[in-house]
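One structure is given below, encoded as structure tokens.
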There are 2 protein chains.
Amino acid sequence: MDDNEKYQDADPGLPQYRKLYEVLRSHILNGVYHEGDLLPSENELCTVYGLTRPTVRHALDELVREGLIKKQKGKGSIVHALPTGIGILSVAGTTSALGNRNLETRIISGPEVRRWEDNFFFPLPDPYIESGCIYMERLRLVNGKPLFYDISYLPNINLPRFTTRSFENKSLFDTLRRHYRIEVTGGEQRLWAIPATPEIAGYLQIDPGEPVLHLERKIDTNRVGYSFYSSLYCNTEDYALYGLF
Amino acid sequence: MDDNEKYQDADPGLPQYRKLYEVLRSHILNGVYHEGDLLPSENELCTVYGLTRPTVRHALDELVREGLIKKQKGKGSIVHALPTGIGILSVAGTTSALGNRNLETRIISGPEVRRWEDNFFFPLPDPYIESGCIYMERLRLVNGKPLFYDISYLPNINLPRFTTRSFENKSLFDTLRRHYRIEVTGGEQRLWAIPATPEIAGYLQIDPGEPVLHLERKIDTNRVGYSFYSSLYCNTEDYALYGLF
DNA sequence: TACAACAACTTGTAATTACAAGTTAAAAGC
DNA sequence: GCTTTTAACTTGTAATTACAAGTTGTTGTA
């Protein structure tokens, strides 16, 4: 199967630049290109995929934003080294960021509907407060070692049967996309280094008082006006968090 | 002075989309627009600034990337709340991220030329190693409290008189831009929560063993092939780091 | 051989046109 | 007065054309 066929087979609902982006992205991640390699030039990509330069450039821009390529005027699109560490500072859920590392997800609590906490860590729109909050605590383990303790808060709006679903070893982001057509588009986060409380230390199997990384995140989606939230505690003894800026 | 004049007066060396970006950015940061306000529509901006939609959209895309606006199809460009916390996870130097907070920069050591450390925390190109490293330790204080302890490493390539410059209460990014025409375009970073060593605790005026945030950053510039590096220790007791993803 | 000029690439910027699709408020109909 | 329809907006996608500017290898000249 050549590139163009793979391109044609992509989800026809997607815009052209997105389909090209997916193809190139998978090629880079699958090692078709290596660090330092040049992608085909924009004009070549135009010819191969039957697109025009603005469209091709749109796809390449996304790859630049994601850090998979760097562009240099006069030269071309240079494939970047694949990130080491855990790419949780950028978009994509934990599962996708961890790639094919041995990942396990354990449900500690939920999902269940409850009231939003008072003084929630991000300001909440009124409709969110009225409809309540889907609450869930999860533990993510890599190679058997707990790495993240994650508390998720989702507005209970138009998510039928959500609390009855199983999330054991499932990706939250995938579930949202597959069953509810909700895609994560980005978000904002705050970040601290804090001493582990006894509870958090218990989950992460470290000593209380040991430094852990605390993230509070607001996660935006393609559904207009729908965001959800996550409070995350991370043991960075063995893995660093990785991100672009 | 109206918008178009301010636009015309911008650095003529900059591309059009960049000039428009700067104008809109300054308007948002200066409170001309408030959270939730709509920017003028793309077509209005075209008319006012004498540009076409692709150019205007390019400028708006940058604002979206920076998190200053969000766009919604059918509606417009919505001004986002200004970030709280310290925007160090995204581009822009510490000084710019801290805005008008009371910032002080103290030089602990350097700048001086020395050999690169063995097993440097990012892989170094050979030309960097040969030409040596400009080393500098700085402490950044906010309202008199030390917040960052920053070790910078710059390749000693084509930076005349760099080590003789004064950096006391000066921005490194600004110096690079003004004197060497080097602009920071982005970079990558790794992130840990670690216990403060006695040395770091001393600089940050906290107890040894207290959690601090450790960042290792590779910082890319518009000068082809020129990146520099920073190892950063951050006291997050009072301020969170802030970023988009 | 060494150097300079050039040609053939590359990406960057920008104008122009067209239509699709989501939002909103006014107009039309009941 | 109320609902439905429509028209006039908004941003999203995409093709087309043109030139600027940086990179690289080749060609020609000294």
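Numbers restart at 1 for each chain; the letters A, B, ... are given by sequence-line order, proteins then strands.
- A salt bridge is defined here as a Lys NZ or Arg NE, NH1 or NH2 lying under 4.0 Å from an Asp or Glu carboxylate O, and A:Lys71 with A:Glu42 meets this definition.
- Residues B:Tyr229 and B:Phe120 place their aromatic rings such that the two centres sit under 6.0 Å apart.
- One atom, CG of B:Leu45, and another, P of D:dT10, lie 10 Å apart when rounded to the nearest Å.
- For A:Ser41, the listed nucleotide lying nearest its side chain is C:dT10; candidates were D:dT10, D:dG12, C:dT10.
- The nearest heavy atom of DNA chain D to A:Pro54 and to B:Pro40 marks one nucleotide each, and the one closer to the 5' end goes with B:Pro40.
- Whole-Å rounding puts the B:Leu38 CG to C:dT24 P distance at 9 Å.
- Atom CZ of B:Arg18 and atom P of D:dA20 are 22 Å apart (whole Å).
- Rounded to a whole Å, the CG atom of B:Leu20 is 14 Å from the C1' atom of C:dT13.
- For B:Lys73 and D:dA8, the NZ to P distance is 21 Å, given to the nearest whole Å.
- Using a 4.0 Å cut-off, some side-chain N or O of B:Thr55 falls inside it from OP1 or OP2 of C:dA15.
- If you find the closest nucleotide of DNA chain D to A:Lys75 and to A:Thr52, the one lying nearer the 5' end belongs to A:Thr52.
- Side-chain N/O atoms of A:Arg53 and base N/O atoms of C:dG12 include a donor-acceptor pair closer than 3.5 Å.
- The pair A:Arg114-A:Glu112 counts as a salt bridge, with a side-chain nitrogen and a carboxylate oxygen less than 4.0 angstrom apart.
- Between the CD1 atom of A:Ile78 and the C1' atom of C:dT10 there is a distance of 11 Å, given to the nearest Å.
- Contact annotation: B:Tyr17 side-chain N/O to C:dA14 OP1/OP2 distance is not under 4.0 Å.
- OP1 or OP2 of D:dT23 lies within a sub-4.0 Å distance of a side-chain N or O belonging to A:Gln72.
- In this structure, A:Tyr180 contributes its side chain and A:Pro160 its backbone to a donor-acceptor pair below 3.5 Å.
- Out of D:dA14, C:dT16, D:dT11, the shortest distance to the side chain of A:Pro15 is found at D:dA14.
- In this pair, B:Tyr226 and B:Tyr128 present their aromatic rings tilted. The plane angle is within the 30 to 60° band.
- Between the OH atom of A:Tyr21 and the C1' atom of D:dA14 there is a distance of 20 Å, rounded to whole Å.
- Judged by closest nucleotide on DNA chain C, B:His58 is the one of B:His58 and A:Val224 placed further toward the 5' end.
- Between A:Tyr49 atom OH and D:dT13 atom C1' the separation is 20 Å, expressed in whole Å.
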